[in-house]
Participant: 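Sharing a structure, written as structure tokens. Questions coming.
In what follows, chains are A, B, ... by sequence order, proteins preceding strands, each numbered from 1.
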Number of protein chains: 4
Amino acid sequence: MSKDFETQHRLGPQRNPAIDDAVLDATRQLLEEKGYAGTSIDAIATRAGVGRPAIYRRWPSKAHIVNDAIYPVLDVEQGADIDTELGTEGTIADQIRALVQGAVALFAAPATRAAAPGLMSEVRTNSELREVLVVRQLAGVRVELNRRLEAARERGDIRSGVDADALLDIMAGAAIFAMSVRDVSDPGPFADSLADIVLNGILPNT
Amino acid sequence: MSKDFETQHRLGPQRNPAIDDAVLDATRQLLEEKGYAGTSIDAIATRAGVGRPAIYRRWPSKAHIVNDAIYPVLDVEQGADIDTELGTEGTIADQIRALVQGAVALFAAPATRAAAPGLMSEVRTNSELREVLVVRQLAGVRVELNRRLEAARERGDIRSGVDADALLDIMAGAAIFAMSVRDVSDPGPFADSLADIVLNGILPNT
Amino acid sequence: MSKDFETQHRLGPQRNPAIDDAVLDATRQLLEEKGYAGTSIDAIATRAGVGRPAIYRRWPSKAHIVNDAIYPVLDVEQGADIDTELGTEGTIADQIRALVQGAVALFAAPATRAAAPGLMSEVRTNSELREVLVVRQLAGVRVELNRRLEAARERGDIRSGVDADALLDIMAGAAIFAMSVRDVSDPGPFADSLADIVLNGILPNT
Amino acid sequence: MSKDFETQHRLGPQRNPAIDDAVLDATRQLLEEKGYAGTSIDAIATRAGVGRPAIYRRWPSKAHIVNDAIYPVLDVEQGADIDTELGTEGTIADQIRALVQGAVALFAAPATRAAAPGLMSEVRTNSELREVLVVRQLAGVRVELNRRLEAARERGDIRSGVDADALLDIMAGAAIFAMSVRDVSDPGPFADSLADIVLNGILPNT
DNA sequence: TCTTAAACGAGACGGTACGTCTGGTCTTGAA
DNA sequence: TTCAAGACCAGACGTACCGTCTCGTTTAAGA
């Protein structure tokens, strides 16, 4: 129960950044152990050795905590991060392959398997969460993916008529479904199979 | 508050099937209005004009009610239904197109948009629900799809190396993601885009 | 679970008197084992091997069943029984002594220890029960006791000014309190102590 | 529905003592209006304008609430209170008279009439309640009464052979029976009649 | 012998209360 | 101003009884 931040403990009027980490760590542990519904804010606070108000001071709801706990930040508003994330080098095929690998790896972590469907569910009723998750995080990726596909299409690297939104739905949706519902144990082969269908689906028919 | 089944109301030691319908109807309404988390069993009972114990007598958890409320039964244990459901006629391309249309239509209903991610989340911790939803319902479809793809591959109608499980993950996952997260308003064009990518992904490259 | 009345079992349009006995027996057992609050009608029906409607056909409430189960009938409307019950022979001292012995013996049975306070509680809100228990059973005893004391007072056998109602409250109340609350293990000595105080309390000084 | 304690309302980590009072007041009201069985914890919480958990934080069962609501505390562990309560001055006759008056007054309050038999009933199955009510509260009185009678007997002020326990059973039992079952409307004359019999029962026969 | 009608067990029903658990807010007192 | 601790309301959870009612069967008594 004794945490290292309990020794130097209170910083006065500044927030203690160690608390953020302790909370996110505890959240990941609990997601893995008890699942999304079983991860209560009470349990997070107890596991992190932190009071509940310290949590509510930082995040407005459980979904926001979970979102921060399982997804990399990348909402830095600059294109640089997204570019790096999406793999800016190589052919469009390489880029898509990298994207699929990235998506599968993202949703394959145990905590994420437990959390992703829960967040999908809450995003429908919690508009504050929707703003953060769908608008700020997902929309950026959509725009960037659209830009890339557009460019590739102009170069003739992909078929015309490929819907970028549907493509993103496939990559994210299939990865989440495989990891969280089918509970695929080895993500590698699945990522290959997924990339195989997706690439054949968008590249020109020779 | 008076329901039509209240007039003749009690059938003695047999359960009143009108209550099943009233509960499932109320569940669909509440899912649409309040979302998955906001749909409490109390609210369902009140809306259906039914006591809470009558619900617990029929379903062991909220997830089971929701499952019955939004998914067609088709667990008839005979292949016949699944065959019909999956579209047994025409070329493999026609069959896949029908499958994609069916999946999108299934997840496009407002109640289902609200419920599907919630069920995906609970299926991970509720093993009783997993039995019903993943093993009994999904597994049948997986087996049948696998059989069809195998046959088509032998006829050379699709590429070899296409993973049937990944294909099902794509169809279900993409449809759920598009409907529940992206909240696509018109399912028709999305289904076409999805079918376009999927078909090109599995058919031979000319 | 097989009762002897289950062999020949149903008598047609007449009630099966064996059910009355089975229910009252089960009630006494459950009172002793689980106490008054823990004795549910469900449990009585199950223990007696009887359906709930068969019970409700005979008694309007749990309190009525318990009343029948623990108290001797004596509501025969004829003074004869009460006379016998109250001990009509001997001096007034002998009669009072017999009364005290009877009261203590009545409330000393294990089932009665558990039930008496519960009935006292329900009699305040259940007016139907009040009618049966207080008016029909107790009032008769009050009247008869009053008559005896009046006669004894005229003969100079007891002090004047002794309140018959208070005397009955003492005998019943003290016996119930000793048995149900103090949980006296041996009723004999207690009955003697009680009789000692009561007799000295009403007989003339010297 | 707005209570005075709602203005300043929450005291932080300390419990709000105003809630204790509000709950006990509501309990007394409900006992008077609906009787013991009709006084649900739900109803108490609603009437007191308080959440149910706030009640369960303070008392382990309905019986404990009722006990606190109707009986004065006097479990101060020092003899002083009990001495005062039992009336330490005057002859033994005066003391007994005071005791009888006190007992009758205690059980004459409307809420107490409704509650006392219910508590007597629950004390038999709820051992936690028995500890509080019988051991901590009643036993102290029994010991003190025994001491007084012993002293009086040595002085020759009462007959030898008077059982202190039976005497207490008489005073408490008769008062409860008269108030809760017979429902005596005017406690004064009853207390006089009871004291008359009791005093004659224990004083020497001149 | 056949019919009628009541009693029976089994158990579903709406309703109410139980005691527990969360979520999100607020307050205290120390640092 | 932050922190931990924790009290607070609101309300959902799943369970247990209550008293009523209906079912389908059994059985005694009357036709």
Side-chain angles (χ1 to χ4, degrees), chain A residues 5-6 8-16 19 37-43 45-46 49-57 59-62, chain B residues 1 3 5-6 8-16 19 37-46 48-58 60-62, chain C residues 5-6 8-16 19 37-43 45-46 48-58 60-62, chain D residues 5-6 8-16 19 37-43 45 49-58 60-62:
Chain A
F5 60 80
E6 285 191 4
Q8 42 121 12
H9 206 196
R10 301 196 192 100
L11 307 182
Q14 280 85 31
R15 284 193 188 161
N16 184 344
I19 289 182
T39 300
S40 71
I41 295 194
D42 258 307
T46 303
V50 145
R52 227 165 343 137
I55 294 182
Y56 280 108
R57 219 171 283 127
W59 296 276
S61 82
K62 187 174 86 169
Chain B
M1 204 45 65
K3 306 289 170 196
F5 60 79
E6 284 190 5
Q8 46 123 18
H9 203 202
R10 303 210 186 85
L11 308 181
Q14 279 86 35
R15 290 191 188 157
N16 185 345
I19 289 184
T39 299
S40 72
I41 295 192
D42 260 306
I44 293 174
T46 303
V50 148
R52 220 160 355 128
I55 294 183
Y56 283 110
R57 222 172 278 129
R58 290 168 168 77
S61 80
K62 188 174 85 172
Chain C
F5 61 81
E6 283 189 6
Q8 44 121 13
H9 203 196
R10 300 198 193 94
L11 308 182
Q14 278 85 33
R15 288 191 188 160
N16 185 344
I19 289 183
T39 300
S40 70
I41 294 193
D42 261 306
T46 303
V50 147
R52 224 155 354 123
I55 294 184
Y56 282 107
R57 220 171 280 127
R58 290 167 169 79
S61 80
K62 186 174 88 170
Chain D
F5 61 80
E6 283 190 6
Q8 45 121 13
H9 205 198
R10 300 198 193 96
L11 308 182
Q14 279 85 36
R15 287 190 188 158
N16 185 343
I19 288 183
T39 299
S40 72
I41 294 191
D42 261 305
V50 147
R52 222 159 353 128
I55 293 183
Y56 282 109
R57 220 172 280 129
R58 289 167 168 78
S61 80
K62 186 173 86 172

Participant: Distance check: side-chain N/O of C/Arg57 vs OP1/OP2 of E/dG9, anything under 4.0 Å?
Facilitator: no
Participant: Please check: side-chain N/O of D/Arg58 versus main-chain N/O of D/Ile19, any donor-acceptor pairing under 3.5 Å?
Facilitator: no
Participant: Looking at B/Arg15, I'd like to know whether one of its side-chain N or O atoms comes within less than 4.0 Å of OP1 or OP2 on F/dT22.
Facilitator: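 No, no such contact exists.
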Participant: In whole Å, I'd like the distance from the CZ atom of B/Arg58 to the C1' atom of F/dG14.
Facilitator: 17 Å
Participant: Show each protein N/O and nucleotides 29-31 of chain F N/O combination with a separation under 3.5 Å, one pair to a line.
Facilitator:
none

Participant: Round to a whole Å and report the spacing from CD1 of A/Ile55 to P of E/dG23.
Facilitator: 10 Å
Participant: Using atom names, set out every protein N or O paired with an N or O of nucleotides 16-18 of chain E below 3.5 Å, distance rounded to 0.1 Å.
Facilitator:
from, atom 1, to, atom 2, distance (Å)
E/dA17, N6, B/Arg52, NH2, 3.3
E/dC18, OP1, D/Ile41, N, 2.9
E/dC18, OP2, D/Ile41, N, 3.0
E/dC18, OP2, D/Asp42, N, 3.0

Participant: Need to verify one output field. Residue with the more 5' nearest nucleotide on DNA chain F, D/Gly51 or C/Ser61?
Facilitator: D/Gly51
Participant: Could you grab the distance from atom CZ of C/Arg52 to atom CD1 of C/Ile41, nearest 0.5 Å is fine?
Facilitator: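 Going from CZ on C/Arg52 over to CD1 on C/Ile41, the span is 8.5 Å.
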Participant: Nearest whole Å is fine: how far is E/dG15 P from B/Ile19 CD1?
Facilitator: 11 Å
Participant: Please name the pair of heavy atoms, one in B/Gly51 and one in B/Ala45, separated by the smallest distance, quoted to 0.1 Å.
Facilitator: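 In terms of heavy atoms, the two residues are closest at C-CB, 4.3 Å.
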